[in-house]
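Worksheet: the structure to be examined is printed underneath.
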Amino acid sequence: MADWAYWFAAAGILVAVEIFTGTFYLLMLALGFAAGGVVALAGPGIAFQLIAGGIVGAVATVLLKKSRYGPKNRRSPAHDPNVNLDIGKTLTVSEWQSAPGAPSQARVSYRGTMWDVELGSGGQPRSGVFVIREVRANRLIVENASE
């Protein structure tokens, strides 16, 4: 079998595997393999085929990473309002308890049940309305609501 057939068969296999995994990076590598096949059709030796396939695959991968389809700066699920719908909601704290060296804490009724609430860094432990910024296990981390 000719070199170009191996290159295109490998590219086809990568495309098939990509369908099952859902990652575009395998498609970029398949482009590199296809480029190796095109160079093989033109006639140069295996060294040129490998160089062309490697360059095209690497460039395509870098371009994908920089595009809008590349990895995004994902938030931690504890801070992400798309994962936890409590993030950004408000609650009212009437009284804080604080121990020396520990963050201020309170117990409040929120969504029909009692929750432990902890004041985030930089917050003022006074009674009033607070915004939920994070959920750690069964504890709500809050900040003062802007007035």
Side-chain angles (χ1 to χ4, degrees), residues 4-41 46-147:
W4 63 268
Y6 289 119
W7 283 103
F8 288 124
I13 290 170
L14 281 175
V15 169
V17 171
E18 188 279 331
I19 290 172
F20 292 109
T21 62
T23 174
F24 286 116
Y25 290 104
L26 288 178
L27 284 179
M28 301 304 108
L29 294 177
L31 283 175
F33 276 66
V38 169
V39 171
L41 279 173
I46 190 72
F48 289 109
Q49 296 169 26
L50 290 170
I51 290 170
I55 289 173
V56 170
V59 168
T61 302
V62 168
L63 290 176
L64 175 66
K65 186 174 175 96
K66 301 245 183 247
S67 76
R68 66 183 180 124
Y69 298 108
K72 296 169 183 49
N73 295 333
R74 294 197 167 92
R75 293 176 151 181
S76 163
H79 297 91
D80 191 353
N82 295 318
V83 173
N84 193 326
L85 299 178
D86 291 322
I87 306 294
K89 302 289 190 233
T90 59
L91 55 83
T92 304
V93 178
S94 57
E95 182 182 356
W96 289 97
Q97 295 90 31
S98 62
S104 299
Q105 299 178 355
R107 189 100 169 126
V108 298
S109 177
Y110 174 68
R111 288 192 300 135
T113 189
M114 297 301 288
W115 286 78
D116 291 327
V117 176
E118 184 177 305
L119 187 61
S121 61
Q124 300 296 320
R126 60 176 190 260
S127 62
V129 178
F130 291 82
V131 178
I132 300 170
R133 295 294 178 208
E134 182 181 349
V135 178
R136 288 187 206 148
N138 62 345
R139 183 175 300 267
L140 303 174
I141 310 302
V142 298
E143 292 179 355
N144 296 84
S146 59
E147 298 178 19

Quick one, [X] and [Y] - any side-chain contact, counting heavy atoms below 4.5 Å?
X	Y	answer
Val142	Val131	no
Leu91	Leu140	yes
Leu64	Tyr25	yes
Thr90	Ile132	no
Val135	Ile87	yes

Listed pairs under 3.5 Å, donor-acceptor, residues 5-18 side chains, sequence neighbours left out:
unit_1: Trp7; atom_1: NE1; unit_2: Gln49; atom_2: OE1; d: 2.7

For a quick test of reading the model, state the closest non-hydrogen atom pair linking [X] to [Y] and the distance between them.
X	Y	result
Thr92	Val108	O-CG1, 3.7 Å
Gln97	Ala106	OE1-CA, 3.7 Å
Gly120	Ile141	CA-CG2, 4.0 Å

(message) As an exercise, state the distance from CD of Gln124 to CZ of Phe130, rounded to the nearest 0.5 Å.
(response) 9.0 Å
(message) Going by side chain to side chain donor-acceptor pair (under 3.5 Å), name the pairs with one or both residues in residues 131-143, residues two or more places apart or in two chains.
(response) His79-Glu134, Arg133-Glu143, Glu134-Arg136
(request) With sequence neighbours excluded, tell me which residues meet salt bridge (Lys or Arg N to Asp or Glu O under 4.0 Å) with Arg111. (result) Asp86
(request) Would you list the pairs meeting salt bridge (Lys or Arg N to Asp or Glu O under 4.0 Å) in which at least one residue belongs to residues 90-108, sequence neighbours left out? (result) Arg107-Asp116
(request) List in chain and number order the residues that pass side chain to side chain contact (heavy atoms under 4.5 Å, CB included) with Ser104, two or more places apart in sequence or in another chain; answer none if no residue qualifies. (result) Trp96, Ser98, Leu119, Pro125
(request) Apply ring pair (Phe, Tyr, Trp, His ring centres under 6.0 Å) to Trp4 and list each qualifying residue two or more places apart in sequence or on a separate chain. (result) none
(message) Run Asn144 and Arg126 through side chain to side chain contact (heavy atoms under 4.5 Å, CB included) and show every step you take.
(response) CA-CA 9 Å; Asn144 296 84; Arg126 60 176 190 260; 3.9 Å; yes
(request) Using modelled atom types only, decide if a donor and an acceptor are shared between the side chain of Trp115 and the backbone of Tyr110 within a distance under 3.5 Å. (result) yes
